[in-house]
Amino acid sequence: AQKITQTQPGMFVQEKEAVTLDCTYDTSDPSYGLFWYKQPSSGEMIFLIYQGSYDQQNATEGRYSLNFQKARKSANLVISASQLGDSAMYFCAMREANNAGNMLTFGGGTRLMVKP
Amino acid sequence: GAGVSQSPRYKVAKRGQDVALRCDPISGHVSLFWYQQALGQGPEFLTYFQNEAQLDKSGLPSDRFFAERPEGSVSTLKIQRTQQEDSAVYLCASSLSIWGYEQFFGPGTRLTVL
């Protein structure tokens with residue numbers, strides 16, 4: 001089974017509107033972390049936000065917030081007030097604590113396009 | 001301060017050639033990761049170093065792939081006898097500590113095998 005699933009290959013959003021990018025995950029490890037990265041056309045992965053499995057509150061970083069629903073195993077990214085510069089690929093990723101290598105497992109990504 | 005750098009940024013190789021991809025992590029970062037990103041897909045883990053020790057190489061797709069980090073800083077990913085299916089972007093990431101959760105990524109090396 002896929003560990004990270006992003007069901008939206010592409011999304012359009014009007015500039016200044018909010019958008020939600022979906023992410024569901026699968027793990028049996030009680031301790032894990034969830035990440036969102038942005039990858040613009042230049043190729044570099046830019047860290048956006050992190051949510052730990054034991055965190056009581058949803059993570060927020062500026063215009064980014066993570067809607068963490070543990071029972072549903074979902075970790076959706078919400079971008080408020082979209083800007084043209086938000087157009088990029090967005091990847092959800094997970095790190096499991098029982099993973100000695102600390103590596104990230106990524107989803108397939110969602111391409112976000114912001115319309116002026 | 002400088003981020004993670006990778007060189008070359010682009011590499012074209014003929015099938016069967018050997019290639020070497022370099023990663024300079026952020027100074028002082030203990031953990032170093034290599035990922036492979038095929039076109040239109042998310043990155044996939046290749047291998048992980050903690051200082052100079054390669055602790056996990058479970059993601060290396062074949063014995064043609066080899067990585068090293070001899071002095072615990074710069075790392076090299078080597079691919080021998082390249083095949084067309086090796087064409088991808090190779091991303092390097094580093095993390096400050098063993099349990100540091102934020103991985104800082106380099107710009108990647110785009111490898112095209114003809």
Checking heavy atoms, do the side chain of A/Gln39, its backbone, both or neither come under 4.5 Å from chain B?
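When you check distances to chain B, only side chain atoms of A/Gln39 fall under 4.5 Å.
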Side chain, backbone, both or neither: which part of [X] has an atom under 4.5 Å from a heavy atom of chain A?
X: B/Gln37; result: side chain
X: B/Tyr35; result: side chain
X: B/Arg110; result: neither

Could you tell me whether [X] atom [atom1] has more than 12 heavy atoms of other residues or ligands within 6.0 Å of it?
X: B/Lys78; atom1: NZ; answer: no
X: B/Glu44; atom1: CD; answer: no
X: B/Leu39; atom1: CG; answer: no
X: B/Glu85; atom1: CD; answer: yes
X: A/Lys16; atom1: NZ; answer: no
X: B/Arg15; atom1: CZ; answer: no

> Among the clusters formed by ILVMFWY side chains lying less than 4.5 Å apart, do A/Leu77 and A/Val13 turn up in the same one?
Replying inline: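 Yes, it is one cluster - the side chains of A/Leu77 and A/Val13 are joined through contacts under 4.5 Å.
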How long is the span from the [atom1] atom in [X] to the [atom2] atom in [Y], to the nearest 0.5 Å?
X: B/Ser95; Y: A/Arg95; atom1: OG; atom2: CZ; value: 7.0 Å
X: B/Asp56; Y: A/Met103; atom1: CG; atom2: CE; value: 4.0 Å
X: B/Phe105; Y: A/Leu104; atom1: CZ; atom2: CG; value: 5.5 Å

Can you tell me which of B/Ala93, B/Pro43, B/Gly108 forms the most heavy-atom pairs within a distance under 4.5 Å of chain A?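 Most heavy-atom pairs under 4.5 Å with chain A: B/Pro43.
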* Does some side-chain heavy atom of B/Gln41 sit less than 4.5 Å from a side-chain heavy atom of A/Phe106? ->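 No, their side chains stay 4.5 Å or more apart.
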Query raised in the report: Do B/Glu102 and A/Phe47 have side chains that get closer than 4.5 Å, going by heavy atoms?
Result: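 Yes, side chains in contact.
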